[in-house]
2 protein chains.
Amino acid sequence: MTKATPIDAADRPRRRDAAATRAAILASARRAFAEAGYDGAGVREIAAGAGVTAMLVNRYFGSKEKLFAEVIAATMAAPTILTPQNLASPRLGETIARTLVEITRTGDTPLEGFLIMLHSASSKRAAEIGREQIEHGHQKTMASALRGALAPERAALILSMVAGIQVMRQMMGLPALAKAEPEALVKLLAPLFQQLIDGDTEASGR
Amino acid sequence: MTKATPIDAADRPRRRDAAATRAAILASARRAFAEAGYDGAGVREIAAGAGVTAMLVNRYFGSKEKLFAEVIAATMAAPTILTPQNLASPRLGETIARTLVEITRTGDTPLEGFLIMLHSASSKRAAEIGREQIEHGHQKTMASALRGALAPERAALILSMVAGIQVMRQMMGLPALAKAEPEALVKLLAPLFQQLIDGDTEASGR
DNA sequence: GATGAAAGTCTACAGGTGTAGATAAAATGA
DNA sequence: TCATTTTATCTACACCTGTAGACTTTCATC
């Protein structure tokens, strides 16, 4: 046998380097959390993925909870489809839809933070950490960029739709979505997103 | 203090009744799974909620996994907002939106099956059970009731939106949604659902 | 009232969890 | 080359998990 099941550059007996080890643990944790959620991913498993021992994880991050918080913060900070500059695009609805469909098809990383959060939402503490990050990292940013009434609600609904699609397509693997023609989904979703972005119609009229 | 924390009719030393005990366990399990998910809810906890011992749970249901499957089947079978007869309504979009908003506000039971599934989606086995139920209990029913092209995809997207709102409003507790004016959310959501129901616009035009 | 079956509980096990403290190995300084 | 500090591991501990087998209590029927 070669080794255990190491990740990336962790297969060679990495030279003692605190920063690199920390990064390796963070990367392994990110992957493990995305796959199994907060409760499902064990510290020993995360450590093994980074090529170290479980105890080192706590030594670097204090506790599993703090490690999770840092992973969430890191993944949420990465640029996603929901960046402010994207909000300037004219056909933003289609952009969001297309990116979302593509990401949920390939399981790409830009929305990994969201996925981790969804997988971990059953844990109360993890949900709390995730909500904080979503609220400050996405919802408020989007809301301030949207014009018109009910901006916070509209922003939150956009995030809800993203979350819903991720749940059904990536987590549940609902065949109708998982095997759907990507372009067809984009055509269906684009006007929905656009509608929430514009916030037109009877949003003001009572 | 009265007793421990029993449920419903389990506070009085229930007369020995297999059917009633089974039902009590099922009810307790339903509540526990909805709150903590498959992994989060323990057999002992479920049993305590029904006023029995953990071993009795396995005696009645074989295993935790089988108990979960039965809970899911029961909650999914209950009538929800997504029933076929509702699909005949003219302003169905608004009906769905209003019901969804109301249910996610009060935490009412009609969508509890969905909530359980979302909380349990991190467990692979639980997700598999849930997907099967969703697919056959909702998605296919809806799809066959929808007219026009891409019916399966549109049905799945409606379910995705329901799931997304539940996640953000009930599980994450995103303030912008949790504290939003119900009627405002309905006004925002109704046209989105209606659009997926009608399936009009450029769905056919390429 | 005794008997047999049903309903429920007790004890226990093997495995897993996160984490604390002491210990070993490697790198860096003198 | 020796000493010191950093980096990483070993051992261990409480606790919790789902579940199996033996045991005790209650009920219904003869």
Side-chain angles (χ1 to χ4, degrees), chain A residues 3-4 6-7 9-26 28-29 32-33 35-71 120 122-126 129, chain B residues 3-4 6-7 9-26 28-29 32-33 35-71 120 122-126 129:
Chain A
K3 276 294 172 61
I7 183 181
D11 41 359
R12 61 186 182 284
R14 188 182 48 258
R15 200 172 166 73
R16 292 206 164 189
D17 182 346
T21 303
R22 221 189 108 99
I25 294 174
L26 214 52
S28 173
F33 282 140
E35 199 162 327
Y38 179 75
D39 287 326
V43 176
R44 287 170 176 82
E45 173 192 350
I46 293 173
V52 297
T53 326
M55 284 60 239
L56 204 61
V57 174
N58 273 4
R59 211 159 175 77
Y60 270 103
F61 295 91
S63 69
K64 183 186 180 183
E65 186 177 309
K66 288 181 186 164
L67 168 63
F68 181 76
E70 196 152 326
V71 167
S120 309
S122 49
S123 168
K124 283 193 178 181
R125 189 74 194 93
I129 294 172
Chain B
K3 279 293 172 58
I7 184 179
D11 41 0
R12 60 186 181 285
R14 188 181 48 257
R15 202 170 164 76
R16 292 205 164 191
D17 181 347
T21 301
R22 221 188 109 97
I25 294 175
L26 214 51
S28 174
F33 283 140
E35 199 162 327
Y38 179 75
D39 287 325
V43 177
R44 287 169 176 83
E45 172 192 352
I46 292 173
V52 297
T53 325
M55 283 60 242
L56 204 61
V57 174
N58 273 6
R59 213 166 166 74
Y60 272 102
F61 297 90
S63 69
K64 183 186 180 183
E65 185 177 312
K66 289 180 186 164
L67 168 62
F68 182 76
E70 197 151 325
V71 168
S120 309
S122 49
S123 169
K124 282 193 176 178
R125 188 74 194 92
I129 293 171

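Everything numeric in this text was worked out from a predicted model, so none of it was measured. Atom set for the values below is all heavy atoms of this structure, side chains included, hydrogens, waters and symmetry mates excluded. Proteins come first, then strands; the chains are lettered A, B, ... in the order of their sequence lines, and each starts at number 1.
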Whole-Å distance, Met55(B) CE to dC13(C) C1', equals 11 Å
- Message: Check this one for me: any side-chain N or O of Ser63(B) less than 4.0 Å away from OP1 or OP2 of dG18(D)?
- Response: no
Taken to the nearest whole Å, CG/Asp39(B) to P/dC16(D) is 17 Å
Whole-Å distance, Arg125(B) CZ to dG18(D) P, equals 16 Å
- Does OP1 or OP2 of dA7(C) have a side-chain N or O of Thr21(B) closer than 4.0 Å? no
Of dT9(D), dG18(D), dG8(C), the nucleotide closest to the side chain of Arg59(B) is dG8(C)
Looking only at dG18(D), dT9(D), dT19(C), the nucleotide nearest the Lys64(B) side chain is dG18(D)
**Ile46(A) side chain reached by Leu67(A) side chain, heavy atoms, under 4.5 Å** = yes
Of dT9(C), dT7(D), dA20(C), the nucleotide closest to the side chain of Val52(B) is dT9(C)
Classify the side chain of Arg44(A) versus the base of dT19(C) as yes if they form a donor-acceptor pair under 3.5 Å and no if they do not.
yes
Q.
Atom CD of residue position Glu45(A) - does it have more than 12 heavy atoms of other residues, nucleotides or ligands inside 6.0 Å?
A. yes
Below 4.0 angstrom from OP1 or OP2 of dG8(C), is there any side-chain N or O of Tyr60(B)? yes
Rounded to whole Å, NZ of Lys66(A) lies from P of dT19(C) at a distance of 10 Å
Whole-Å distance, Leu56(A) CG to dT11(D) C1', equals 16 Å
Those residues at least two apart in sequence (or on a different chain) that pass side chain to side chain donor-acceptor pair (under 3.5 Å) with Glu65(A) are Arg125(A)
Judged by nearest nucleotide, the residue sitting upstream toward the 5' end of DNA chain D, Thr53(A) or Gly62(B), is Thr53(A)
Whole-Å distance, Asn58(B) CG to dG21(D) C1', equals 13 Å
Whole-Å distance, Phe68(B) CZ to dG18(D) C1', equals 16 Å
Handout entry: Heavy-atom donor-acceptor pair, Ser28(A) side chain to Ala24(A) backbone, under 3.5 Å
Key = no
Comparing Ala19(B) with Ala41(A), nearest DNA chain C nucleotide closer to 5' gives the residue Ala19(B)
Q. Is the Lys NZ or Arg CZ of Lys124(B) less than 6.0 Å from the centre of Tyr38(B)'s six-membered ring, within 45° of the axis?
A. no
Here the distance between atom C1' of dT19(D) and atom CZ of Phe61(B), to the nearest Å, is 16 Å
